[in-house]
Colleague: 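Structure in structure tokens, see below.
Quick caveat, the model's predicted, so the values are computed rather than measured. In the text below, chain A, chain B and the rest are named by the order of the sequence lines, each starting its count at 1.
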Protein chains: 2
Amino acid sequence: MSGNWRPPSSTDVARAAGVSQSAVSRAFTPGARIAQATRARVMAAAEALGYRPNLLPKILQTNRSGIVAVVVGGFYNPYFAMTLEAFSKALTARGLQMLLVRVESDRKLDSVVGQLAGYRVDAVVSALALTSQDAADQLSKLRIPIVTLNSDLSGDWIRSVSSDNFAAGEAAARLLRERGGTRFGFVAGPGDSPAQVAREAGFAHGLEALGLPPAMRAGGGYDYASGARATRELFAGADRPDALFCANDLAAFGVIDVLREGFGLAAPDDVLVVGFDNLDMAAWAPYRLTTFDQDVDAHVAIAMELLDLEAGAECVARVAPSRLVERESTRRG
Amino acid sequence: MSGNWRPPSSTDVARAAGVSQSAVSRAFTPGARIAQATRARVMAAAEALGYRPNLLPKILQTNRSGIVAVVVGGFYNPYFAMTLEAFSKALTARGLQMLLVRVESDRKLDSVVGQLAGYRVDAVVSALALTSQDAADQLSKLRIPIVTLNSDLSGDWIRSVSSDNFAAGEAAARLLRERGGTRFGFVAGPGDSPAQVAREAGFAHGLEALGLPPAMRAGGGYDYASGARATRELFAGADRPDALFCANDLAAFGVIDVLREGFGLAAPDDVLVVGFDNLDMAAWAPYRLTTFDQDVDAHVAIAMELLDLEAGAECVARVAPSRLVERESTRRG
DNA sequence: CTGGCGAGTGAATAGCTATGCACACATTCG
DNA sequence: CGAATGTGTGCATAGCTATTCACTCGCCAG
């Protein structure tokens, strides 16, 4: 009806309460010098008008919006859900809001972050690994603190927190060996993921250190279908592996299902399987998957610390330990 | 180093380019009256300084932030991930940003939305069902368009889009009957969820219409553990059901796993199982779950339409159809 | 009685952009 | 050649809040 309605301003409230605009502002500022009686009158008028202080002018002056942008590549992987949950809690605890941005690839990252700069976001957290130094430099020019997960790039304004992917790969090799594996296989994630690369390298190094032959290899994605495809490939020939390390849990589920349905093989009896992420589902009955818990809360806690750092600080790439959780998929009879 | 650095303003760019501030603004406004040469000079200066137009002043004047707040209760259920993905795409397509807010319960909803009002969000989408009329009225006072999913409350500024939960419940009853079910059970979701209530009511009505006895009942949550618990309860006695409708897929997975592990029973041979949501996992080998696809994209499309409506519009509660997807969990030999 | 002090209040201002208005200049038409 | 149209630019302002500065008033100590 009212063509262009505007929410009530502090001036409106001031008029209604018979005080100055400053008084209204002070009434809403904890610890400001204002008489109790005045504050009460202001609050009554504000309540009647439905007034909420407009945060934008403050942001305009201070350039601090209280908003942190979180960039993700998609939501299909429950691991992102865990990450979002943890970040959501951490940000809320600090009174910050979360602007969620979905981006197709990291090549679009800087254009998006440019847009975000217009909103004066206080910081950016990227679950998307940053792969090109070019994009990193572009972002650094904006002087917005950025934390990337599982990415090795860094710069003046770019920090990163990663799992000890390489060490986990080594540990996977040792475990599979101990549990009786003899022919090893690696179910790979996407090649442009630094985490995938490090896990594979660690696995390869672990095998070599034990004097074992290198692993067979298949896959190329972080999803269920990729694990399924990789398994059909690895088990097509005669020389089948009997111990698999998967780049993540989702792929491992695909592996286990195809082993069972497609080849009549079971974990751990016929094939040992290890995953990565420790999703809720990893504990479910059909899988009981041995996997690495990334300790999302620890990652997030570190990320928050890194965001607080001043620009130019030195220790900008931190590693969070991951914990091996052993379940039935590697425990034989 | 520089204690309080400020990002370059349009005035800074204007000075560098030797033009007025208005010229800079026009250079960044598509369709504005400005000479090509001037625009080029401005763009060069802007590039050199790393200038990004500050969006806040515009928001301050127009009260349109281009930000939509999305409220969720948690991320543990992959159904939320699907919803987020769909909303993210829809909002991006319209050039809107998404402010993600996690809220413990809907009782906190109005206090949070109050906070959001300070950011002048254009609209609020709540995956959290709104249950109290009190909160609804509170929110209406803020004059921010709100769309809730699977909630029956509405008001001047509150619209809702729901699945046809009741009809789906009836359809589940018919299907289970057709497939040979004789003793029916309902694995319930949380009692404060309108969707759960409608699904159960529809199921009960469907059974009654077919002249069948009412269903046994257990459960009370939307998660895996709740489904598992419900199954142990339902199958503890002698009078076991042979056809189960579960409030959602996550619970259904718990049901199937406990049937297999705890009682040596399989779906569909011993027990027919139907879920709700059609998560990716429903198609996986251990489950192959018959379920209802909520068509998230359709929900979101409707939600976007509702957000565009003016206040006081009448048709504010819309229903999106859900589609039965039959898989092996109800297909006998 | 007076200087000082504290509490409470109002006026003025910064912060940045988009836009309406006015003006200067070039071009076209009668 | 005068008028009219069109193009490009600068000036000034709105939008809302937190905060600084200056002011008044009541009160106490000297």
Side-chain angles (χ1 to χ4, degrees), chain A residues 4-43 45-46 49-66 114-115 117-122 142, chain B residues 3-43 45-46 49-66 114-122 142:
Chain A
N4 39 8
W5 181 84
R6 309 209 109 227
S9 71
S10 57
T11 313
D12 297 329
V13 177
R15 197 170 14 239
V19 296
S20 74
Q21 180 267 328
S22 338
V24 177
S25 173
R26 279 191 269 258
F28 280 89
T29 307
R33 245 175 30 179
I34 186 173
Q36 273 310 319
T38 312
R39 166 166 280 156
R41 259 219 324 291
V42 169
M43 285 310 190
L49 292 173
Y51 168 75
R52 308 276 169 168
N54 188 343
L55 301 177
L56 299 172
K58 179 79 174 291
I59 301 173
L60 193 53
Q61 300 215 51
T62 60
N63 270 314
R64 309 217 74 237
S65 60
Q115 156 94 340
Y119 283 105
R120 296 294 185 259
V121 297
D122 291 345
L142 295 172
Chain B
N4 40 8
W5 181 84
R6 308 209 112 228
S9 71
S10 58
T11 313
D12 298 328
V13 177
R15 197 172 11 243
V19 295
S20 75
Q21 179 267 327
S22 341
V24 177
S25 172
R26 280 190 268 259
F28 281 88
T29 307
R33 253 179 21 185
I34 186 173
Q36 274 309 322
T38 312
R39 166 166 279 155
R41 261 221 321 292
V42 169
M43 286 308 193
L49 291 172
Y51 168 75
R52 309 275 168 167
N54 188 343
L55 300 177
L56 299 172
K58 179 80 173 291
I59 300 173
L60 193 53
Q61 299 216 52
T62 60
N63 270 314
R64 309 217 74 239
S65 59
Q115 156 96 339
L116 295 177
Y119 283 105
R120 296 293 184 261
V121 297
D122 291 345
L142 296 171

Colleague: Between dT17(C) atom C1' and Asp12(B) atom CG, what is the distance in whole Å?
Modeller: 13 Å
Colleague: Identify which nucleotide among dA7(C), dT17(D), dC11(D) has an atom closest to any side-chain atom of Ser22(B), counting heavy atoms from C-beta outward.
Modeller: dC11(D)
Colleague: Without decimals, in angstroms, what is the distance between Arg64(A) CZ and dA18(D) C1'?
Modeller: 16 Å
Colleague: Check whether any side-chain nitrogen or oxygen of Ser25(A) sits under 4.0 Å from OP1 or OP2 of dT17(D), and answer yes or no.
Modeller: no
Colleague: If you round to the nearest 0.5 Å, how far is CG of Leu56(A) from OH of Tyr119(B)?
Modeller: 9.0 Å
Colleague: Atom CZ of Arg120(A) to atom P of dC16(C): distance rounded to whole Å?
Modeller: 8 Å
Colleague: What is the distance, rounded to the nearest whole Å, between atom CG of Leu56(A) and atom P of dA14(D)?
Modeller: 19 Å
Colleague: Kindly indicate whether the side chain of Arg26(A) and the base of dG10(C) share any N or O donor-acceptor pair separated by less than 3.5 Å?
Modeller: yes
Colleague: Please pick, from dG10(C), dG10(D), dT9(C), the nucleotide with the shortest atom-to-atom distance to any side-chain atom of Ala23(A).
Modeller: dG10(C)
Colleague: Side chain of Lys58(A), heavy atoms from C-beta onward: which of dC16(D), dG8(C), dA18(D) has the nearest atom to it?
Modeller: dA18(D)
Colleague: Nearest whole Å is fine: how far is dA14(C) P from Asn63(A) CG?
Modeller: 17 Å
Colleague: In whole angstroms, how far is the C1' atom of dT17(D) from the CZ atom of Arg52(A)?
Modeller: 17 Å
Colleague: Could you list the donor-acceptor pairs under 3.5 angstrom formed between side-chain atoms of residues 17-33 of chain B and any protein atom two or more places apart in sequence or on another chain?
Modeller:
| unit_1 | atom_1 | unit_2 | atom_2 | d |
| --- | --- | --- | --- | --- |
| Ser20(B) | OG | Ser22(B) | N | 3.4 |
| Ser20(B) | OG | Ser22(B) | OG | 3.4 |
| Ser20(B) | OG | Ala23(B) | N | 3.3 |
| Gln21(B) | NE2 | Ser10(B) | OG | 3.4 |
| Thr29(B) | OG1 | Ser25(B) | O | 2.8 |

Colleague: On DNA chain D, does the nearest nucleotide to Ser9(A) precede the nearest nucleotide to Arg33(A) from the 5' side, or the other way round? Give the residue.
Modeller: Ser9(A)
Colleague: Nearest of dA12(C), dC16(C), dG10(D) to any side-chain atom of Gln21(A)?
Modeller: dA12(C)
Colleague: Please find the pair of heavy atoms, one from Asp122(A) and one from Gly66(A), that lie closest to each other, and give the distance.
Modeller: OD2-N, 2.8 Å
Colleague: Measure from CD1 on Ile59(B) to C1' on dG15(C) and round the result to the nearest Å.
Modeller: 14 Å
Colleague: Round to the nearest Å and state the distance from Leu55(A) atom CG to dA18(D) atom P.
Modeller: 8 Å
Colleague: Using a cut-off of strictly less than 4.0 Å, decide whether Tyr119(B) has a side-chain nitrogen or oxygen near OP1 or OP2 of dC16(D).
Modeller: no
Colleague: Which heavy atom in Arg64(A) sits nearest to a heavy atom in Ile59(A), and how many Å separate them?
Modeller: O-CG1, 3.7 Å
Colleague: Using every non-hydrogen atom in the two residues, find where Tyr51(A) and Pro53(A) come nearest and quote the distance to one decimal.
Modeller: OH-CA, 3.4 Å
Colleague: Which part of the nucleic acid does Ile34(A) contact within heavy-atom distance under 4.0 Å: base, sugar-phosphate only, or nothing?
Modeller: sugar-phosphate
Colleague: For dT9(D), take OP1 and OP2 only and decide whether either is under 4.0 Å from a side-chain N or O of Thr38(B).
Modeller: yes
